[in-house]
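As structure tokens, the structure follows; a few thoughts come after it.
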Amino acid sequence: MSIEQALIERSNNQCELCTNTDNLSVYEVPPVTEAHSDKCIYVCQTCKDQIDNSAELTANHWHCLNDSMWSQTPAVQVVAYRMLKRLAADNGWAQDALDMIYLEEDTLKWAQMPLAEEDDIKHIDSNGVVLQAGDTVTLIKDLDVKGSSLVAKRGTAVRNIGLTSNPEHIEGRVEGQRIVILTKYVKK
């Protein structure tokens, strides 16, 4: 059985992310080491264009991830996780979904693997030190949090930071609130 035929059968001939039934095709979930249906998903053109960054992200379209993130298929879980990560900085619902998603250890490692274009992105703190996901940083300036009355005080430790696609931004929790922080205002 071909990969596409296996995916059609697994997905009931609909997009595995948004359930659309038009313009469906195979999407190999990177990094691709070998062609296999377990490493692919069946998606519509709208989802594929936004996954590949060739189209602007339409946040409303991706509300479908609230359902597809619970798929039993690891490849679908990986794409749902990656898209939620991309959407989380600007969309509270995506961050909430990301906080709820559960992935097996191997699936989580796959989802967190750097993609080719992400390899060149370096997050640098105020002292020129390269930041990694999971690091603990300290704020070097009082920061007003947009959309909130919270002021993140200088000297606050931000643990288990997350990296974004923008090298000038990191994500972290301050007083229980997930915020985006400029790297120039932190030190490792």
Counterpart residues, side-chain hydrogen bond (donor to acceptor under 3.5 Å, both in side chains), relative to Glu28 (two or more places apart):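 If we apply the side-chain hydrogen bond (donor to acceptor under 3.5 Å, both in side chains) test to Glu28, skipping adjacent residues, there are no hits.
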So do the side chains of [X] and [Y] get within less than 4.5 Å of each other, counting heavy atoms only?
X      : Y      : value
Cys15  : Leu24  : yes
Asp142 : Lys153 : yes
Tyr81  : Leu65  : no
Val79  : Leu17  : yes
Val186 : Ile140 : no
Tyr27  : Ser25  : no
Cys18  : His61  : yes
Thr21  : Asn13  : no

Where [X] and [Y] come nearest, the two heavy atoms and their spacing:
X      : Y      : value
Ser126 : Lys184 : CB-O, 3.5 Å
Arg10  : Ser37  : NH1-O, 3.2 Å
Ala133 : Leu163 : N-CD1, 3.6 Å
Gln77  : Ser71  : NE2-O, 2.7 Å
Glu171 : Gln95  : OE1-OE1, 4.3 Å
Asp38  : Trp110 : O-CH2, 3.9 Å

Arg173 and Asp99 ion-paired at < 4.0 Å: yes
Can you tell me how far [atom2] of [Y] sits from [atom1] of [X], rounded to the nearest 0.5 angstrom?
X      : Y      : atom1 : atom2 : value
Tyr185 : Ile181 : OH    : CD1   : 12.0 Å
His123 : Ile161 : NE2   : CD1   : 8.0 Å
Gln50  : Glu56  : CD    : CD    : 8.5 Å
Leu108 : Ile101 : CG    : CD1   : 9.0 Å
Ile124 : Thr183 : CD1   : OG1   : 8.0 Å
Glu16  : Cys44  : CD    : SG    : 11.5 Å

When you measure from the side chain of [X] to the backbone N and O of [Y], does any donor-acceptor pair fall under 3.5 Å?
X      : Y      : result
Ser148 : Val145 : no
Ser11  : Leu7   : yes
Lys48  : Val26  : yes
Asn20  : Asp22  : yes
Ser2   : Gln5   : yes

Qualifying ring-ring contact (aromatic ring centres under 6.0 Å, His included) pairs with a residue from residues 86-106, counting only residues at least two apart or across chains: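 For residues 86-106, and leaving out neighbouring residues, the ring-ring contact (aromatic ring centres under 6.0 Å, His included) pairs sorted by first residue read His63-Trp93.
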According to a 4.5 Å side-chain heavy-atom criterion applied to Ile, Leu, Val, Met, Phe, Trp and Tyr, with indirect links allowed, do [X] and [Y] form part of one hydrophobic cluster?
X      : Y      : result
Trp70  : Leu87  : yes
Val76  : Leu103 : yes
Leu98  : Val158 : no
Ile170 : Leu84  : no

For Lys188, the option from Thr136, Asp135, Asp125 that meets side-chain hydrogen bond (donor to acceptor under 3.5 Å, both in side chains):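 Per the side-chain hydrogen bond (donor to acceptor under 3.5 Å, both in side chains) rule, the option paired with Lys188 is Asp135, out of Thr136, Asp135, Asp125.
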Heavy atoms of other groups near Gln45 CD, more than 12 under 6.0 Å: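 Count over threshold, so yes.
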Partners passing side chain to side chain contact (heavy atoms under 4.5 Å, CB included) against His169 (at least two apart in sequence or in another chain): Thr164, Asn166, Val180, Leu182
